[in-house]
2 protein chains.
Amino acid sequence: MVTIKQVSEKAGVSSATVSRVINNTGTVKEKTRELVMTAMAELGYRHNVVAASLASNKTHTIGYVVPELHGSFFGAMMGGTEQALRQAKKHMLIATGHSDAQIEKEQIDALLSRRCDALILHVEAVSDEYLVSLVHQGVELVVVNRFIGEIGDNCISLDNVKGGYLASRHLLDIGHTKIAYIAGSLFKADGKNRLTGHQQALADMGVEYTDKLTYEGNFQAKSGTEGIRALVARGAKFTAVACANDEMASGAMIALRELGRRVPEDVSVIGFDNVDFASYLSPGLTTIDYPVQKIGSMAAHWVLERVYGHTRHEYQHILSPRLILRGTTSSPE
Amino acid sequence: MVTIKQVSEKAGVSSATVSRVINNTGTVKEKTRELVMTAMAELGYRHNVVAASLASNKTHTIGYVVPELHGSFFGAMMGGTEQALRQAKKHMLIATGHSDAQIEKEQIDALLSRRCDALILHVEAVSDEYLVSLVHQGVELVVVNRFIGEIGDNCISLDNVKGGYLASRHLLDIGHTKIAYIAGSLFKADGKNRLTGHQQALADMGVEYTDKLTYEGNFQAKSGTEGIRALVARGAKFTAVACANDEMASGAMIALRELGRRVPEDVSVIGFDNVDFASYLSPGLTTIDYPVQKIGSMAAHWVLERVYGHTRHEYQHILSPRLILRGTTSSPE
DNA sequence: ATAAAAAATGAAGGCGCTTACAATTAGGGT
DNA sequence: ACCCTAATTGTAAGCGCCTTCATTTTTTAT
């Protein structure tokens with residue numbers, strides 16, 4: 001292992017100088033810089049970031065906790081973050097929380113032990129208080145897709161209520177009144193908020209909300225299929241169904257097709273998230289765009305600006321969803 | 001920042017002993033262990049993994065390079081890896097190579113500078129020689145989804161030729177002879193190999209291969225759509241189309257539908273990868289299963305066994321694809 | 001009880017780099 | 001040529017932990 005020391009000897013300078021040229025800090029004469037550079041090249045020197053981190057107390061590493069790695073949602077989000085961080089030469093240490101408070105805490109702990117300069121957290125099981133206490137402890141963190149008033153500055157989220165509203169409002173606007181709703185897990189904030197938006201839209205348009213038309217799924221495609229079956233089994237009548245995410249919408253479409261109901265002629269379907277495959281379905285899925293990649297990059301910008309002091313990195317705390325019209329919704333007969 | 005030293009003083013032992021209880025190495029009496037534990041708890045001690053890494057020359061971190069983060073493919077793969085690594089308390093430092101040799105090298109370099117204990121690489125632009133030289137330099141790495149004979153032990157890949165063969169063979173078996181092929185980027189090994197498999201299947205069944213029926217896409221959905229249009233525009237006649245991945249298959253289905261050709265009645269479609277949304281399409285996409293998550297976990301096992309000396313972690317070097325029958329293929333009229 | 005073996009602990013020297021601070025050199029003005 | 005300031009470099013003390021080796025304590029065997 002070639003060290004800075006060996007380089008310094010070969011170049012005939014002190015190790016401090018070598019460190020300066022590596023980090024481009026302090027001042028060093030052009031001539032000695034070259035001396036050092038060639039010495040490094042000849043020796044095949046490789047900077048030891050671990051040692052540097054210990055000495056400087058900066059790891060240039062951001063810890064990232066997401067519930068899962070599979071699926072296209074988190075990849076898109078992390079992609080947004082990565083793109084922004086790569087230019088700043090920061091790296092991401094990734095961990096999964098599996099929507100389990102215990103695991104989430106362990107992972108956060110592990111990332112902190114690894115001395116990440118900041119954390120980006122998409123955690124769903126851990127309590128608000130826990131996150132608030134971390135912030136009060138001085139941990140630099142951004143919470144994504146979750147809003148906690150007390151640490152609002154550390155949150156970057158989508159207005160899920162508005163998204164839910166937009167979806168159902170669209171169905172109402174084109175004439176539907178009997179609208180079924182397949183909710184996401186209601187113990188998760190976004191699942192709950194999207195449902196709230198749905199209810200507000202109904203209220204705004206003077207349509208009464210009833211539990212009979214809603215089914216609580218778990219954000220997985222299969223639960224969309226089950227949702228439709230359950231609704232039909234309980235005799236619910238509807239001409240449209242709003243789903244809390246695209247996976248469930250796709251599951252719902254499968255069930256509807258099985259039942260011989262055409263989409264959108266017999267029943268309209270609207271999803272939520274606008275994941276990449278939404279446009280591959282046929283008809284293309286009308287949905288609510290969740291600017292997930294943007295959320296990822298906002299989180300990166302937050303970190304760059306707040307933790308590393310880079311300027312010119314703007315970010316917003318609350319992003320807005322918008323309606324994406326494709327082929328699964330139409331006016332009722 | 002509470003250090004091991006402070007803990008040792010509070011517990012009335014030496015720092016060496018504290019280190020022993022933290023790492024569970026050496027021997028330490030139960031009583032003193034408890035002493036140390038309570039001291040750590042009272043002081044709110046947090047182990048500094050960076051310092052530990054420097055001293056022990058082990059980071060317990062695996063560097064991971066993938067082309068992109070978005071899409072469902074790499075998330076699934078990394079998910080497989082993560083699951084296996086989490087139990088071993090290893091972490092993943094993730095970087096993207098963007099299929100660009102320059103970037104791929106930089107990222108590998110950065111991960112090495114961070115002293116990752118091992119690398120898992122899904123790189124597509126860098127040369128075989130480069131990877132071989134890394135291995136010869138003593139870098140512990142697994143190459144996934146790519147086979148390089150000279151370092152076959154370090155590779156974990158899918159038999160893409162066989163997959164391509166299986167797909168086209170299926171179409172041939174159910175009676176198709178006019179089979180169009182929408183290839184992936186041919187400068188990528190898997191794109192090329194899948195096409196080779198297609199050609200072998202044709203040859204085996206005595207059907208002549210012709211360039212006229214193949215179109216080179218780029219693995220993106222849009223190029224599937226364009227592929228169909230191009231094929232039709234050039235007057236190609238076919239009753240089935242095999243695609244080098246599911247995204248393109250989905251794009252192809254969209255184009256076929258536009259042209260008024262029913263799937264599978266008028267033309268059969270088969271994809272490759274079996275990504276998660278393949279079953280959401282309608283009809284469900286017949287495809288070749290790419291055990292991507294398994295590849296991810298194999299890579300983890302390789303690392304666990306070879307780098308960390310954990311036993312009982314079996315792994316294979318070449319995984320086999322298999323046919324997944326769903327609704328997009330049927331015999332021609 | 002006592003010697004020998006085993007278990008438990010402590011002392012101290014790094015791991016490779018950063019970073020005040022001190023020391024040296026170079027540049028400018030008169 | 002000489003003094004002052006600014007630009008360069010070197011010195012050395014850590015950063016917090018691991019780990020070998022020596023030392024002390026405990027256990028086992030006789």
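Letters go in sequence order (proteins before strands), and every chain restarts at 1. All values below come from the heavy atoms of this structure, side chains included, with hydrogens, waters and symmetry mates left out.
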- [ ] Between B:T32 and A:V2, name the one whose nearest nucleotide on DNA chain C is closer to the 5' end.
- [x] B:T32

Task: Gap between atoms CE and P, on B:M40 and D:dC17 respectively (whole Å) - done: 11 Å

Open item on the list: In whole Å, I'd like the distance from the CG atom of B:L54 to the C1' atom of D:dG16.
Closed with: 9 Å

Task: Between D:dC18 (C1') and B:K5 (NZ): distance, integer Å - done: 15 Å

- [ ] Please examine the side chains of A:H91 and A:I62, heavy atoms only from C-beta on, and report whether any two atoms are closer than 4.5 Å.
- [x] no

- [ ] Name every residue in residues 9-27 of chain A that has at least one heavy atom under 4.0 Å from any atom of DNA chain D, in order of residue number, or write none if there are no such residues.
- [x] A:G12, A:V13, A:S14, A:A16, A:T17, A:R20, A:T27

Open item on the list: Taking any heavy-atom pair under 4.0 Å as a contact, classify B:S53: base, sugar-phosphate, or nothing.
Closed with: nothing

Open item on the list: What is the separation between atom CE on B:M1 and atom C1' on D:dG14, rounded to the nearest whole Å?
Closed with: 16 Å

Open item on the list: Less than 6.0 angstrom from the centroid, inside 45 degrees of the normal: does A:K90 satisfy that with respect to the ring of A:Y308?
Closed with: yes

Open item on the list: Can you measure A:E34 atom CD to D:dT8 atom P for me and round it to whole angstrom units?
Closed with: 14 Å

TODO: Before accepting this row, confirm whether a basic side-chain N of the pair B:D109/A:R46 lies closer than 4.0 Å to the acidic partner's carboxylate O.
DONE: yes

TODO: Give the rounded distance in Å between these two atoms: NZ of B:K58 and P of D:dC18.
DONE: 14 Å

Task: Salt bridge present between B:K10 and B:E42 (N-O < 4.0 angstrom) - done: yes

TODO: Report yes or no: is the cationic atom of A:K188 (NZ for Lys, CZ for Arg) closer than 6.0 Å to the six-membered ring centre of A:F219, at no more than 45° off its axis?
DONE: no

- [ ] Flag the pair A:D190 and A:R146 as a salt bridge only when some basic side-chain nitrogen lies within less than 4.0 angstrom of an acidic carboxylate oxygen.
- [x] no

Task: First and last nucleotide of DNA chain C, 5' to 3', lying under 4.0 Å from heavy atoms of chain A - done: C:dG16 to C:dA20

Open item on the list: Checking the side chain of A:E104 only, and the main-chain atoms of A:V126 only, is there a donor and an acceptor separated by less than 3.5 Å?
Closed with: yes

Task: Salt-bridge criterion met for A:K31 and A:E34 (N-O under 4.0 Å) - done: no

Open item on the list: What's A:N48 touching, base or sugar-phosphate or nothing? Going by heavy atoms closer than 4.0 Å.
Closed with: sugar-phosphate

- [ ] Please answer whether the main-chain N or O of A:I120 pairs with a side-chain N or O of A:W302 as donor and acceptor at a distance below 3.5 Å.
- [x] no

